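Here is the structure we will look at.
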There are 2 protein chains.
Amino acid sequence: MTDIETGPIPERKRGSGVKMVYDLLRDEILDLVLPPGSPIDEVQLAERFKMSRTPIREALVRLAGEGLIDTLPNRSTMVANIDFLNMHTFFDALVLMYRVTTKLAAQYHRPEDLKVIRAHQVEFAAAVQAQDALAMIATNAAFHSAIADAGRNTYFTGLFNRLLDEGRRMLRLYYQSYDDRLPQRFVQEHDDIIAVIANRDVEEADRLARLHAEQIVQQIQKLFAREDRLDMAL
Amino acid sequence: MTDIETGPIPERKRGSGVKMVYDLLRDEILDLVLPPGSPIDEVQLAERFKMSRTPIREALVRLAGEGLIDTLPNRSTMVANIDFLNMHTFFDALVLMYRVTTKLAAQYHRPEDLKVIRAHQVEFAAAVQAQDALAMIATNAAFHSAIADAGRNTYFTGLFNRLLDEGRRMLRLYYQSYDDRLPQRFVQEHDDIIAVIANRDVEEADRLARLHAEQIVQQIQKLFAREDRLDMAL
DNA sequence: CCAAAATTTCTTGTCGACAAATAATATACA
DNA sequence: TGTATATTATTTGTCGACAAGAAATTTTGG
């Protein structure tokens, strides 16, 4: 076994190191390639990306700032756990952000925003059609994130995207038992939401977003309850 | 000339570097000691804190993650500007967070939370009494932050604290023309808010928080409008 | 005298190395 | 044999140095 480096990899531009590491680690964390609690080794990452520890560390500082990893001083750093005990705080925040971002989208969206939103909805519908749970999670998040963008409030979009990321992580945990029939309803609800946004009907946007969000929360809770019962049985 | 180190300074513990730099820079940015647009020089900071650039950079990465500084690649980094154009998005977010955190405090607070909140209110009243505008800003933020803590939702407290920081920065800009008579009203409103929280009256908490937040927003807008007219005249 | 190219200066991004702090292991002693 | 102590190993936090990019300056050519 020879360790010949066959990679056309080493071509890397100057400022791209941290971003590359950050993006990739972020994806791996959200996709549970690195499950919660996984140890994160700086030197290992340095070898893997063929760079020094300095840019690795800066990427880790960023991830820590977003709460995706936990760093104990002078000790190991690891992927942040999912806080199942305070799940309701997550749901509270998620529902509120669904509502407010949809409302603002109804107020402030521009024609080109609707195109983007509709494109994401097409992808979501395709994922549902294909019964691809992972794709559903991703495209649903992208759809609502696009709506939030149309609302043009960076404070809300910032928090909302964090919440969607966290939700993506939680759903990955349980996606095996994802119910593939119910989401058809979500496709219809998405279409309704698009319609009220296009109509600039703020009140109705709030109402639909709230119902939609609560549907999703209920679905997630049902998923967790089912899994909890399984855990109990073990 | 002998280079004997006469400093009692160099006593610094191992992991404390980044936090020290982060805390101090953050304060200086929020207090406008470093006004928006100020260039941030890594080597200068390194000399000032007598440490290498590595921990300085990690502190800067953290600050950038919170949007307090802007970093252009391969170019200088500087204190983030205040976005006066999209001020209304700030107000939207601020009012909503005032409301939701106060509501949650009414729901979930514990007896010891009220003690902390009341202590902050005492300090706020003292600041108003002393007509110390800077202290008013700080103690008002601490008061509402304490209420948010009692609500026990880290997603909301996180965003809310960021908003309060940003508000602190904006008000510093204009505190010279701060009207010292109106805030007496805020003291009363704070007392009312404490009362409804203690009563666990969620609906009324929402109503009072909303009125209070809108009062504050109006005051800030009046401040800015006045200053704008002055700018026009120049 | 002016514009384009070359050079210098300055700052940032990255690196390899070292020392402190902790964890793991081995040793001594009752 | 069990526990306390000493030693080793591993990993983190920090450092000084160097090279790449961009801005500032100088030089060159018209």
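We name chains A, B, ... by the order of the sequence lines, and we start the count at 1 in each one. These values consider heavy atoms only, across backbone and side chains, with no hydrogens, waters or symmetry-generated copies. A quick note: this is a predicted structure, and the numbers were derived from the prediction, not measured.
- Within the nucleic acid shown, B:Ile40 comes within 4.0 Å of sugar-phosphate atoms alone, with no base atom in reach, counting heavy atoms only.
- Of the candidate nucleotides D:dT12, C:dT14, C:dC15, C:dC15 has the atom nearest to the side chain of A:Met51.
- Nearest to the side-chain atoms of A:Pro55 among the listed nucleotides D:dT12, C:dG13, C:dT14 stands C:dT14.
- Between the side chain of B:Arg14 and the base of C:dA21 there is no donor-acceptor pair of N/O atoms closer than 3.5 Å.
- Listed nucleotides C:dA17, C:dT22, D:dA17 differ in distance to B:Arg53; the shortest reach to its side chain belongs to D:dA17.
- Taking atom CD of B:Glu47 as the reference point, atom P of C:dT11 lies 10 Å away to the nearest angstrom.
- Using a distance-only test at 3.5 Å, with no hydrogens or angles considered, no donor-acceptor pair links the side chain of A:Ser145 to the main chain of A:Ala142.
- For C:dT14, the OP1/OP2 oxygens have no side-chain nitrogen or oxygen of A:Ser52 closer than 4.0 Å.
- The CG-P distance, from B:Leu60 to D:dT14, rounds to 14 Å in whole Å.
- Across the interface with DNA chain C, nearest-nucleotide mapping of A:Pro73 and A:Val18 shows A:Val18 to be the residue nearer the 5′ end.
- B:Gln44 has its CD atom 14 Å from the P atom of C:dC10, to the nearest Å.
- Under 4.0 Å is where a charged nitrogen must lie from a carboxylate oxygen, and between A:Asp23 and A:Lys19 at least one such pair does.
- With distances taken from any side-chain atom of A:Arg75 to the nucleotides C:dT22, D:dC15, C:dC15, the minimum falls on C:dT22.
- In summary, B:Glu66 and B:Arg162 do not engage in a salt bridge, as defined by a charged side-chain N under 4.0 Å from a carboxylate O.
- To the nearest angstrom, P of C:dA23 lies 15 Å from CG of A:Asp41.
- A donor-acceptor pair is defined here as one N or O able to donate and one able to accept, closer than 3.5 Å; such a pair exists between the side chain of B:Asp113 and the backbone of B:Arg110.
- The distance between atom CZ of B:Arg57 and atom P of C:dT11, rounded to the nearest whole Å, is 14 Å.
- Here the C1' atom of nucleotide C:dC10 and the CD atom of B:Glu42 are 12 Å apart, to the nearest Å.
- If you take CD of B:Glu58 and P of D:dT12, they are 12 Å apart, rounded to a whole angstrom.
- Checked against a 6.0 Å centroid threshold, the rings of A:His120 and A:His144 do not count as neighbours.
- The CG-P distance, from B:Leu45 to D:dT14, rounds to 15 Å in whole Å.
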